[in-house]
There are 2 protein chains.
Amino acid sequence: MNPLEQTRAHFIQGMSRISHFWGFPKAMGAIYGAIYLSPTPLSLDELVQQAGVTKGAVSANVRQLERLGMVHRHIEVGQRRDYYIAETDFWRIVRGILQERQQSEFDRALASVGESLALLENVRGDEAEFARQRMAAMQSFFSALDGLVQALLKLESLVSLRALSRLVERAGKE
Amino acid sequence: MNPLEQTRAHFIQGMSRISHFWGFPKAMGAIYGAIYLSPTPLSLDELVQQAGVTKGAVSANVRQLERLGMVHRHIEVGQRRDYYIAETDFWRIVRGILQERQQSEFDRALASVGESLALLENVRGDEAEFARQRMAAMQSFFSALDGLVQALLKLESLVSLRALSRLVERAGKE
DNA sequence: TAGAATGTTTAGTTATTACTAAACAAAATA
DNA sequence: TATTTTGTTTAGTAATAACTAAACATTCTA
């Protein structure tokens with residue numbers, strides 16, 4: 001294995017770890033890593049070889065990566081084979097992930113708290129009142145969080161993360 | 001089961017779901033939910049009953065919750081029993097979680113990419129050059145992300161999430 | 001049209017994690 | 001000091017998720 005291949009392997013392993021850390025399958029990270037490092041579009045078979053997982057796993061994970069907007073499937077007409085290329089705009093990727101996770105389960109959290117609150121609608125007593133207050137506070141936090149994510153999602157580009165950091169820093173000093 | 005208890009159960013179930021969604025054990029969410037809704041500090045045995053898990057699970061998860069700063073152990077002198085109360089400042093909680101997750105595995109991501117880059121140090125060729133560029137781009141993104149998190153961690157209070165959202169919105173329009 | 005190439009689906013396996021049950025340790029109380 | 005109360009640890013179990021291997025479906029090519 002030449003130095004370049006070694007590096008690639010190391011990088012892919014790292015991506016696999018990161019992927020797992022963020023709550024995604026390890027294979028997903030490995031596959032993205034392989035595609036990301038390749039100057040040319042990769043086929044499924046090449047991915048099997050480079051990421052070290054089976055066809056089935058590549059097929060499934062590449063689809064998920066596509067849904068998140070992390071890779072793009074490049075189909076040529078009159079060509080059976082698919083090729084994959086990496087999305088390199090990380091802000092797009094972040095958006096893709098936020099959207100995906102958002103729509104699915106995030107609102108459900110809000111809904112769940114809302115339901116609980118509704119259940120207390122006409123229950124009297126100190127304990128009920130206390131619970132109501134707490135739940136309302138949590139609801140408010142969740143909806144504010146949601147608002148922040150929505151605001152972020154509206155950003156075209158990541159303005160530059162660093163600029164955003166400075167913004168936050170300044171906000172903190174006020 | 002009276003209406004209040006029903007609500008509590010519903011809320012606890014919701015927390016359990018959310019917890020799982022964010023990559024934490026379900027019992028952890030359930031336990032936090034129970035403590036959060038209680039106007040008085042709860043003992044381990046009460047948590048066993050309310051969260052519906054065993055002593056062992058409560059013991060382990062409550063410790064984790066403490067590490068994250070989500071609950072506080074209230075020990076009275078000359079008292080064997082521990083009591084737990086909820087942290088209700090969600091910004092504190094967010095910080096606790098970010099710090100915990102940050103320190104542990106986030107920097108390691110950065111390190112991993114750095115290592116890969118180092119491996120390519122004196123490898124020549126177009127492919128190596130390409131890989132180098134890509135890895136550098138990713139490294140830069142990660143470190144910017146890290147910067148943002150650091151900036152957020154420095155914030156005393158959450159200024160108000162909504163204010164932050166507006167800030168982001170304004171930033172996007174420029 | 002037969003065979004090869006390619007991607008998807010599915011059934012089964014493996015690995016991981018979170019939990020339970022029970023033993024244990026430590027401290028309070030009788 | 002013996003017993004009870006309380007929290008922790010540990011060994012084993014159950015649940016879940018991710019992957020493999022192989023069957024399958026579809027499309028291209030000879």
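- Note: CZ (B:Arg17) to P (D:dA15) measures 19 Å, nearest angstrom.
- With a cut-off of 3.5 Å on both pairing distances, the Watson-Crick and G-U wobble pairs of DNA chain C assemble into stems of 3 or more at C:1-30 with D:1-30.
- Between the side chain of B:Ser16 and the backbone N or O of B:Gly29 there is no donor-acceptor pair closer than 3.5 Å.
- Judged by the 6.0 Å distance and 45° axis criteria, A:Arg134 is positioned over the aromatic ring of B:Tyr36.
- As rounded to whole Å, 8 Å separates atom P of D:dT16 from atom NE2 of B:His20.
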Going by atom type alone, with no hydrogens or angles, which donor-acceptor pairs under 3.5 Å involve a side-chain atom of residues 37-48 of chain B and a protein atom two or more places apart or on another chain?
| from | atom 1 | to | atom 2 | distance (Å) |
| --- | --- | --- | --- | --- |
| B:Ser38 | OG | B:Thr40 | N | 3.2 |
| B:Ser38 | OG | B:Thr40 | O | 2.3 |
| B:Ser43 | OG | B:Glu46 | N | 3.3 |
| B:Ser43 | OG | B:Glu46 | OE1 | 3.2 |
| B:Glu46 | OE1 | B:Ser43 | N | 2.7 |

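- In summary, A:Arg166 and A:Glu169 do not engage in a salt bridge, as defined by a charged side-chain N under 4.0 Å from a carboxylate O.
- As a whole-Å value, the separation of B:His74 NE2 from D:dG7 P is 14 Å.
- Of the two residues contacting DNA chain D, namely A:Gln79 and A:Lys55, the nearest-nucleotide position lying further toward the 5' end is that of A:Lys55.
- Residues B:Glu129 and B:Val123 have side chains not in contact (no heavy-atom distance under 4.5 Å, counting atoms from C-beta outward).
- Ionic pairing of B:Glu66 and B:Arg63 is not present here: no N-O contact between side-chain nitrogen and carboxylate oxygen is shorter than 4.0 angstrom.
- Listed by residue number, the members of residues 22-48 of chain B with any heavy atom below 4.0 angstrom from DNA chain D are B:Leu44.
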For residues 137-155 of chain B, run the donor-acceptor check on the side chains, cut-off 3.5 Å, and write out each pair with its distance to 0.1 Å, sequence neighbours left out.
| from | atom 1 | to | atom 2 | distance (Å) |
| --- | --- | --- | --- | --- |
| B:Ser143 | OG | A:Arg162 | NH1 | 3.3 |
| B:Ser143 | OG | A:Arg162 | NH2 | 3.1 |
| B:Asp146 | OD1 | B:Gln102 | NE2 | 2.7 |

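- What separates CD1 of A:Ile75 from C1' of D:dC28 is a distance of 16 Å, to the nearest Å.
- In summary, contact between chain A and DNA chain C, defined as any nucleotide atom under 4.0 Å from a heavy atom of the protein, begins and ends at C:dA5 to C:dT9 in the 5' to 3' direction.
- Contact check on B:Arg17 versus A:Glu105 returns a salt bridge, with a Lys/Arg side-chain nitrogen under 4.0 Å from an Asp/Glu carboxylate oxygen.
- Of the residues in residues 57-70 of chain A, those lying under 4.0 Å from DNA chain D by heavy-atom distance are A:Ala57, A:Asn61.
- Between the B:Gln133 side chain and the B:Phe130 main chain, no donor and acceptor come within less than 3.5 Å of each other.
- Under a cut-off of 6.0 angstrom, the local environment of CH2 in A:Trp91 is crowded, with over 12 non-hydrogen atoms contributed by other residues, nucleotides or ligands.
- A donor-acceptor pair under 3.5 Å is absent between the side-chain atoms of A:Ser19 and the main chain of A:Met15, judged by distance alone.
- The CZ-P distance, from A:Arg80 to D:dC28, rounds to 7 Å in whole Å.
- Taking the charged nitrogens against the carboxylate oxygens, A:Arg8 and B:Glu127 do have a contact shorter than 4.0 Å, which makes a salt bridge.
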A:Asp82 and A:Glu76: CA distance, side-chain angles, deciding distance, side-chain contact (heavy atoms from CB on, under 4.5 Å) verdict = CA-CA 8 Å; A:Asp82 296 352; A:Glu76 287 182 40; over 6 Å; no
